[in-house]
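Every chain is numbered from 1 and lettered A, B, ... according to where its sequence line falls, protein lines coming before strand lines.
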Protein chains: 2
Amino acid sequence: MFSKTCEYGLRAVIYIAQQAKTNEKIGITAIADAIDSPQAFTAKILQQLTKNNIVQSIKGPFGGFYIDEQNLQNISLNNIVQVLEGNRIYTGCGLGLHQCNAEKPCPLHFKFIEIRENLKKMLENTTLLELSSDKSITDYYLKN
Amino acid sequence: MFSKTCEYGLRAVIYIAQQAKTNEKIGITAIADAIDSPQAFTAKILQQLTKNNIVQSIKGPFGGFYIDEQNLQNISLNNIVQVLEGNRIYTGCGLGLHQCNAEKPCPLHFKFIEIRENLKKMLENTTLLELSSDKSITDYYLKN
DNA sequence: AGCATTAAGGATAAACTTATCTTTTAATGC
DNA sequence: GCATTAAAAGATAAGTTTATCCTTAATGCT
């Protein structure tokens with residue numbers, strides 16, 4: 001479904017969001033450890049997310065990644081996926097046609113649109129705030 | 001969403017299905033041309049689909065690929081995807097966790113299940129027979 | 001039987017994704 | 001200012017997917 005980049009990115013951001021309340025920055029080592037991902041690779045991904053203002057970071061001692069209150073409320077999973085996968089997930093043709101639309105549809109076009117729309121809505125409606133709730137932290141896992 | 005392998009495979013099979021009525025085998029050159037895919041690569045994919053009894057093939061002059069009446073009725077897109085992608089699309093975790101289930105769910109587990117279930121149903125309910133109907137042939141495109 | 005034709009199979013190459021390592025830049029405390 | 005810490009940035013390596021090419025096997029025709 002998603003690329004590794006996107007999977008690690010989502011897990012990392014969710015984890016950072018869950019730590020947001022402590023108001024402490026969290027380092028890449030801790031993050032990679034918490035979500036069980038390759039550290040250097042995850043660092044690259046977070047670099048990209050920082051550039052795109054999904055998460056914030058600060059260098060130096062006691063530095064690390066964090067998410068401010070505003071982003072916690074405004075960022076949804078959709079935003080993260082957009083940065084890491086572009087919008088091909090939402091616009092790409094199920095059969096891989098370069099142009100596939102209502103005028104020149106592939107045989108699956110209209111059926112696919114439905115599924116994708118569901119996915120999009122789900123990602124749009126899932127906010128970092130929701131995923132950083134106490135219940136979410138205790139009931140769900142980011143590694144196994 | 002799907003791999004190139006799966007995209008080409010689906011398009012190839014749909015095209016072959018659409019030619020089924022003529023009762024003529026259709027060669028790899030004609031198929032690759034009709035669906036605008038790399039010929040040798042598509043041949044490999046069809047080889048795999050032939051082994052798994054999705055399509056049939058016959059060598060030699062006037063040989064090629066075809067789909068018999070029974071498969072036309074029984075094969076759904078789901079069967080093709082299963083062969084070419086395995087079942088990871090249906091079972092894999094959205095966040096890439098190796099084990100993710102109702103007991104140890106990732107934060108997206110239950111939301112993802114819904115989406116995947118929709119996709120699965122759609123693929124199961126879309127048969128080659130439907131896709132080879134006259135309307136389907138005239139109204140939809142397999143290349144652009 | 002011999003030849004032409006077409007898919008199957010194997011080997012290899014190109015492109016892209018995933019992953020790691022090293023150097024540079026920025027922030028903090030002394 | 002200097003040492004230390006941690007992210008940013010750049011270079012490179014490993015692995016996987018996508019793609020091509022060449023040889024082999026099967027089929028039909030003469």
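Regarding contacts with the backbone of D:dA7, every side-chain N or O of A:T50 stays at 4.0 angstrom or more from both OP1 and OP2. Using a 4.0 Å cut-off, some side-chain N or O of A:Q47 falls inside it from OP1 or OP2 of D:dA9. The shortest distance between the side-chain N/O atoms of B:T5 and the OP1/OP2 oxygens of D:dT18 is below 4.0 Å. In terms of phosphate contacts, A:T29 brings no side-chain nitrogen or oxygen within less than 4.0 Å of OP1 or OP2 of D:dA6.
The distance between atom CG of B:L49 and atom C1' of C:dA8, rounded to the nearest whole Å, is 14 Å. In this structure, the CD1 atom of A:I45 is 13 Å from the P atom of D:dA8, given to the nearest Å. With rounding to whole Å, B:I58 atom CD1 is found 14 Å from D:dA25 atom C1'. Taking atom CZ of B:F41 as the reference point, atom P of C:dG9 lies 17 Å away to the nearest angstrom. Atom-to-atom, CD1 of A:I54 to C1' of D:dA7 comes out at 18 Å; the value is rounded to the nearest Å. A straight line from CZ of A:F65 to P of D:dT5 spans 18 Å, rounded to a whole angstrom. Straight-line distance from the CD atom of B:Q48 to the P atom of D:dT18: 12 Å, rounded to whole Å. If you measure from atom NZ of A:K51 to atom C1' of D:dA8, you get 8 Å, rounded to the nearest angstrom.
Nearest-nucleotide mapping onto DNA chain C: of A:Y8 and B:G64, the residue sitting toward the 5' end is B:G64. Of the residues near DNA chain C, B:I28 and A:T42, the one whose nearest nucleotide (by heavy atom distance) lies more toward the 5' end is B:I28. For A:S57 and A:G60, each mapped to the nucleotide of DNA chain D holding its nearest heavy atom, the one lying further toward the 5' end belongs to A:G60.
You'll find a donor-acceptor pair under 3.5 Å spanning the side chain of A:K59 and the base of C:dT25, going by distance alone. A donor-acceptor contact under 3.5 Å links the side chain of A:K44 to the base of D:dG10.
A salt bridge does not link A:K121 with A:E124: every distance from a Lys NZ or Arg NE/NH1/NH2 to an Asp or Glu carboxylate oxygen is 4.0 Å or more.
Base pairing annotation: C:dC30 forms a Watson-Crick or G-U wobble pair with D:dG1, both donor-acceptor distances under 3.5 Å.
The hydrophobic cluster containing B:F110, built from Ile/Leu/Val/Met/Phe/Trp/Tyr side-chain heavy atoms closer than 4.5 Å, also comprises A:Y140.
For the residue pair B:N118/A:E114, the side-chain donor-acceptor check at 3.5 Å is not satisfied.
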Does A:I89 form a side chain to side chain contact (heavy atoms under 4.5 Å, CB included) with B:M1? I'd like the steps, not just the answer.
CA-CA 7 Å; A:I89 286 190; B:M1 199 93 182; 5.7 Å; no
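Note on A:I137 and A:I31: separate hydrophobic clusters, where clusters join Ile, Leu, Val, Met, Phe, Trp and Tyr whose side-chain heavy atoms are under 4.5 Å apart, directly or indirectly.
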